[in-house]
Amino acid sequence: MPDDPSASKAARVGDYLLAAQTDRQRDLSARIYDRLKAGAEVDDVRDLIEELSRTGAEDLRRYRVAGQHQGIDRGSNGNGVVR
């Protein structure tokens with residue numbers, strides 16, 4: 001069975017997101033992990049998950065703006081996703 005291209009792309013995007021995490025994203029991720037490991041339910045950390053999502057979106061927006069000014073190659077579709 002051939003490799004699923006979408007699964008391969010998703011893995012590359014996941015690797016990119018992990019490698020590109022900011023210190024704030026790493027801190028939030030660690031806090032979520034620690035609380036879940038200690039027995040918290042997802043609803044107990046929903047505020048942190050939402051903050052992580054907002055932080056990631058803000059960081060991506062800043063990356064895009066910086067890329068426009070610094071000539072960073074963000075791919076043909078310009079959305080900064082690893083292909």
Side-chain angles (χ1 to χ4, degrees):
M1 178 180 201
D3 289 336
D4 179 358
S6 62
S8 177
K9 183 176 182 178
R12 287 194 313 274
V13 170
D15 290 345
Y16 169 78
L17 292 173
L18 285 173
Q21 276 189 327
T22 63
D23 290 340
R24 179 70 179 144
Q25 291 173 7
R26 275 189 289 280
D27 174 61
L28 287 165
S29 296
R31 290 172 59 194
I32 293 167
Y33 174 80
D34 289 344
R35 287 182 58 187
L36 290 172
K37 186 177 176 184
E41 297 293 325
V42 171
D43 284 339
D44 298 330
V45 295
R46 190 154 315 275
D47 60 327
L48 293 173
I49 294 169
E50 290 170 358
E51 186 175 352
L52 178 59
S53 178
R54 284 190 305 273
T55 300
E58 291 166 3
D59 291 344
L60 179 59
R61 182 181 42 77
R62 280 192 292 273
Y63 168 80
R64 287 178 178 165
V65 169
Q68 291 172 358
H69 298 291
Q70 298 174 12
I72 295 172
D73 179 10
R74 293 170 292 136
S76 61
N77 59 3
N79 67 2
V81 174
V82 175
R83 292 176 285 162

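- For A11, there are no side-chain contact (heavy atoms from CB on, under 4.5 Å) partners, not counting sequence neighbours.
- Summarising the geometry, atom CG belonging to D44 is positioned 6.5 Å from atom CZ belonging to R35; distances are rounded to the nearest 0.5 Å.
- Contact detail for T55 and R24: the closest heavy-atom pair is CG2-CG, 3.8 Å.
- Listed by chain and residue number, R26 satisfy the side chain to side chain donor-acceptor pair (under 3.5 Å) test with D23 (two or more places apart in sequence, or in another chain).
- The side chain to side chain donor-acceptor pair (under 3.5 Å) test applied to E58 returns no partner, not counting sequence neighbours.
- Under the salt bridge (charged side-chain N to carboxylate O under 4.0 Å, His left out) criterion, D34 pairs with no residue, sequence neighbours left out.
- Residues passing the side-chain contact (heavy atoms from CB on, under 4.5 Å) test with S29 are Q21, L52, sequence neighbours excluded.
- Taken from CG in L36 to CG in L48, the straight-line distance is 9.0 Å, to the nearest 0.5 Å.
- R46 meets the side chain to side chain donor-acceptor pair (under 3.5 Å) test with D43; sequence neighbours excluded.
- A single hydrophobic cluster is not seen to contain both V42 and Y33; linkage of ILVMFWY side chains at heavy-atom distances under 4.5 Å, directly or through other members, places them apart.
- The salt bridge (charged side-chain N to carboxylate O under 4.0 Å, His left out) search around E50 returns none, not counting sequence neighbours.
- For the pairing with I32, the side-chain contact (heavy atoms from CB on, under 4.5 Å) check across V45, D47, D27 returns one residue only, V45.
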